[in-house]
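This report refers to the structure that appears directly beneath it.
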Amino acid sequence: MKKLMLSAVVATSVGISGCASIISDSNYPVTINSSPDGASFKVVNIDNGMAVMKGETPATISLGASSGFFSRATYSVEFDKPGYDSQSFVLESSVDGWYFANILFGGLIGLLIVDPATGAMWKLDDTMLISLSKKEVKEGDDTLSIMTLDQVPMELRDEMVPLN
């Protein structure tokens, strides 16, 4: 009788739970790196347009993989560093492989209710690396050069104005 009761409890537990909910998580640590280090970043939730996190690379942040029932999270990560071109990157969650284990272990409840409701059916990449490109100075851009008087060409010395 005890074996039958134990088997029933185990079968019920497995049948009412979602497999990805047990094995996976709905929030993931994401390490954000840039080359070179020290770039400021802003993470924006594309679904609602709100900034989720700001910081400086390298950093590890926690992001939710779901944006609702059966809905994956999508983020825009914007990078900025003085002297470098700004870049943005889209980080989108994908289906967690453990979600499909519901076919064998979690049943329909795990497949259609538990994992989609908890967000555990989705996962995020754990690392993001962005290479920033140096800004190129184009001819005609206003630039400031500091030089000594002997470095100034003779034809430009007449145009110099003293700063007192």
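Reckoned from all heavy atoms, side chains included, excluding hydrogens, waters and symmetry mates.
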Closest non-hydrogen atom pair between G64 and A73, with its separation
O-CB, 3.4 Å

Measuring from K81:NZ to S133:OG, what's the distance to the nearest 0.5 Å?
13.5 Å

Test item: T60 and V30 side chains (from C-beta on) under 4.5 Å apart, heavy atoms
no

Report yes if some heavy atom in the side chain of Y28 is under 4.5 Å from a heavy atom in the side chain of S93; otherwise report no.
no

Any side-chain heavy atom of D85 within less than 4.5 Å of one from L132?
no

Closest non-hydrogen atom pair, R157 against D150:
NH2-CA, 3.4 Å

Using the rule that Ile, Leu, Val, Met, Phe, Trp and Tyr join whenever any side-chain heavy atoms are under 4.5 Å apart, tell me whether I130 and V43 fall into a single cluster.
yes

Please tell me whether D37 and T57 have a donor and an acceptor in their side chains that are separated by less than 3.5 angstrom.
no

With side chains defined as the heavy atoms from C-beta onward, is the minimum distance between P29 and S62 less than 4.5 Å?
no

Whether the side chain of E159 engages the backbone of L156 through a donor-acceptor N/O pair (distance < 3.5 Å, no angle test) should be reported.
no

Output the distance between atom OG (S34) and atom CZ (F89), rounded to the nearest 0.5 Å.
13.5 Å

Just to verify, what does N33 make a side-chain contact (heavy atoms from CB on, under 4.5 Å) with, not counting sequence neighbours?
T31, P58, T127, L129

Do M128 and Y75 come close enough that some side-chain heavy atom pair is under 4.5 Å?
no

Indicate yes or no: at least one non-hydrogen side-chain atom of P162 is less than 4.5 angstrom from one of M160.
no

Do you know the tightest heavy-atom contact between S86 and D80?
OG-OD1, 2.7 Å

Show me the donor-acceptor pairs within less than 3.5 Å that the side chains of residues 45-56 make with the rest of the protein, sequence neighbours left out.
unit_1 : atom_1 : unit_2 : atom_2 : d
N45    : OD1    : D47    : N      : 2.9
D47    : OD2    : S67    : OG     : 2.9
N48    : OD1    : M50    : N      : 2.9

Answer whether the closest heavy-atom distance between the side chains of Q87 and V77 falls below 4.5 Å.
no

Please tell me if the side chains of F41 and I61 come closer than 4.5 Å, counting only heavy atoms from C-beta onward.
yes

Nearest atoms (heavy-atom pairs only) where E92 meets T74
OE2-OG1, 3.5 Å

